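One structure is given below, encoded as structure tokens.
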2 protein chains.
Amino acid sequence: MEGSAARPRTRIQTEKRDTILEAALEVFSTHGFRGSTIDQIAAAAGMSKPNLLYYFRRKEDIFTTLIQRLLDTWLAPLRELDDEGDPLTELRSYIRRKIEMARDYPRESRIFANEILQGAPRILPMLEGELKQLVDEKAVIIRGWMRSGRIARTDPYHLIFSIWATTQHYADFDVQVRAVLGPDRGGEGRFEDAARFLEQLFVEGLRPKG
Amino acid sequence: MEGSAARPRTRIQTEKRDTILEAALEVFSTHGFRGSTIDQIAAAAGMSKPNLLYYFRRKEDIFTTLIQRLLDTWLAPLRELDDEGDPLTELRSYIRRKIEMARDYPRESRIFANEILQGAPRILPMLEGELKQLVDEKAVIIRGWMRSGRIARTDPYHLIFSIWATTQHYADFDVQVRAVLGPDRGGEGRFEDAARFLEQLFVEGLRPKG
DNA sequence: CTAACCTTTGTCCATTCGGTCAAAAAATGC
DNA sequence: GCATTTTTTGACCGAATGGACAAAGGTTAG
């Protein structure tokens, strides 16, 4: 039974595939798909290249499996945006969750950023399908909040884009953020500062005009 | 006289080097540094690989020359932020200029994004030097506006980051933006919509509380 | 113990890529 | 027109890379 089948059967296969995916996350997120080599991933996973290729037939298989597995985690915060909650509170906790993800899962953010920068050759269908559908859904909710006057009227799509952009910026452009803040302000506190700033910006920016 | 000297002497050298840099901008911005090959750039520039290498000795020389040349253009909008102007007007036109750049020069934006994503190995000194200095300078101006009560008090650095993030998002993540907006809303109007949204967000978000 | 299956590895291969080099071709100065 | 310099090119090289393969080493069920 070959190991690279879509569904691993043995315990050893499940474990090794997980090890490989963790290593691949590390490597792909820092060098991009094209810039990463199978050797690098194999080394990071502590195994030989042919052994790795026993579990994943091709480099691209590792990447697509990884992306597929990351997707749910990545979209979870947006999924939690709740129609029933208080609009400004909901948006504020969405922003906070996204900033926490930028802090705790920067590699995941960079993988997506890298892929989209290159034109999303391997995940375009997902963007046009699953992602668009989710955003459409949440845009309806946000528009409802606007109609009932609980937040200011504006474009819900660009609102979501701007939350993505500002929060993921702290993962994807981390080097630049730290370089500009300098040694004194570039410590761990930057995420807390960012969260405070963004909450203020969006809450004040979206407060309905009396 | 070798052609790859820092200062080209003949007219033909100046022209060819420009042709190469334009081709390199196209190639580097879509595949990143590592993902681009000299052959691709040479083909895009309409010359043979050895001929290209006659003008730039190494692949990295092309890249650094290109980045160097792009830098001024790229930072121009921030440089124009004027102490003397009306704060909200100044910020609004900064945002508008940045959105126009995302629309008109997406390749430049993607080159920087790509480089920073990989940890800015080739431009880190510039980030820590020139860029930091410029931002420090403008942060002082913005803080002055806050002190005099003409805009709300907040963190000027994160304010600048958020303007970068939101505007450049429309260049760097263009594929995703178009995928989510769909065929009907993903047309050229998206930049105008984005500009309107962002101006509203920042102006309302920064309006000083009476 | 043994046969069948799963896992690991050393070796090898074709391709791609960055870069060199010498020689041809073109341009330039006199 | 001729000599010198600049530009262009074909051929080539070594290293890196994705991937194939067969053989060896383990594991497990009977």
Side-chain angles (χ1 to χ4, degrees), chain A residues 1-24 26-28 30-67 114-115 118 121-122, chain B residues 1-24 26-28 30-67 114-115 118 121-122:
Chain A
M1 170 69 48
E2 89 236 356
S4 50
R7 287 158 203 220
R9 309 290 159 85
T10 74
R11 177 173 34 91
I12 227 175
Q13 288 217 358
T14 318
E15 286 168 4
K16 291 282 170 115
R17 283 173 68 96
D18 280 353
T19 307
I20 292 169
L21 290 174
E22 161 62 27
E26 184 66 29
V27 176
F28 279 141
T30 49
H31 302 107
F33 179 79
R34 191 81 212 266
S36 305
T37 73
I38 300 183
D39 281 296
Q40 281 176 315
I41 301 173
M47 63 179 72
S48 66
K49 182 169 66 167
N51 195 10
L52 183 149
L53 284 167
Y54 170 72
Y55 292 101
F56 291 91
R57 243 198 269 287
R58 299 176 312 150
K59 182 183 172 184
E60 196 166 327
D61 290 348
I62 312 175
F63 188 84
T64 52
T65 306
L66 184 61
I67 287 265
N114 232 315
E115 175 69 8
Q118 321 281 319
R122 283 164 286 267
Chain B
M1 170 70 48
E2 89 237 359
S4 50
R7 284 158 206 222
R9 310 289 161 86
T10 74
R11 176 174 35 92
I12 227 176
Q13 287 215 2
T14 319
E15 285 168 7
K16 291 283 169 118
R17 283 173 67 97
D18 281 353
T19 307
I20 292 169
L21 289 174
E22 160 63 27
E26 184 67 28
V27 175
F28 280 140
T30 49
H31 305 285
F33 179 78
R34 183 89 207 268
S36 303
T37 73
I38 300 182
D39 281 294
Q40 282 176 314
I41 301 173
M47 62 180 71
S48 67
K49 181 170 65 168
N51 195 10
L52 182 149
L53 285 166
Y54 169 73
Y55 292 101
F56 292 92
R57 243 198 266 290
R58 299 176 312 151
K59 182 183 171 184
E60 196 165 328
D61 290 348
I62 312 174
F63 189 83
T64 52
T65 306
L66 183 60
I67 288 266
N114 234 316
E115 177 68 6
Q118 322 279 319
R122 283 164 286 268

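Because the structure is predicted, anything quoted here is derived from the model rather than measured. Just so it is clear: chains get the letters A, B, ... in the order the sequence lines come, proteins before strands, and each one is counted from 1.
Of the candidates D/dT8, D/dG18, C/dT7, D/dG18 carries the atom nearest the A/Lys49 side chain, counting heavy atoms from C-beta on.
No N or O donor and acceptor, one from the side chain of A/Lys59 and one from the base of D/dG19, sit under 3.5 Å apart.
Between the CG atom of A/Leu52 and the C1' atom of D/dT17 there is a distance of 14 Å, given to the nearest Å. Atom CD1 in B/Ile41 sits about 14 Å away from atom C1' in C/dG19, given to the nearest Å. Counting to the nearest Å, the C1' atom of C/dT20 and the CG atom of B/Leu53 are 9 Å from each other. In this structure, the CZ atom of B/Phe33 is 12 Å from the C1' atom of C/dC17, given to the nearest Å. Rounded to whole angstrom, the span from the CZ atom of B/Arg57 across to the P atom of D/dT7 amounts to 14 Å. A/Asp61 has its CG atom 12 Å from the C1' atom of D/dG19, to the nearest Å. The nearest whole Å value for the distance from the CZ atom in A/Phe56 to the P atom in C/dT8 is 13 Å. Between the C1' atom of D/dG19 and the CD1 atom of A/Ile62 lies a distance of 12 Å, rounded to the nearest Å.
Checking B/Thr37 against B/Pro50, the closest nucleotide of DNA chain C that is more toward the 5' end is the one next to B/Thr37. A residue-by-residue look at A/Asp39 and B/Gly46 shows that B/Gly46 has its nearest nucleotide of DNA chain D further toward the 5' end.
Separating the CD atom in B/Glu22 from the CG atom in B/Leu66 is a distance of 9.0 Å, to the nearest 0.5 Å. Rounded to the nearest 0.5 Å, atoms CG (A/Asn114) and NE2 (A/His31) are 10.5 Å apart.
Between D/dT6 and B/Gln13, no contact under 4.0 Å exists linking OP1 or OP2 to a side-chain N or O. Here A/Tyr54 does not reach the OP1 or OP2 of D/dA20: none of its side-chain N or O atoms lies under 4.0 Å away. Between D/dA16 and A/Arg34, no contact under 4.0 Å exists linking OP1 or OP2 to a side-chain N or O. Checking the phosphate oxygens (OP1, OP2) of D/dT7, no side-chain nitrogen or oxygen of B/Asn51 falls inside 4.0 Å.
Ring-plane geometry between A/Phe28 and A/Phe63 is classed as perpendicular, the angle between the planes exceeding 60 degrees on a 0 to 90 degree scale with a lower cut at 30.
Counting any heavy atom pair closer than 4.0 Å across all strands shown, A/Lys16 reaches sugar-phosphate atoms only and no base atom.
Listed here is the closest heavy atom pair of A/Phe33 and A/Lys59: O-NZ, 3.0 Å.
By the 4.5 Å heavy-atom criterion applied to side chains, A/Arg34 and A/Gln118 are not counted as neighbours.
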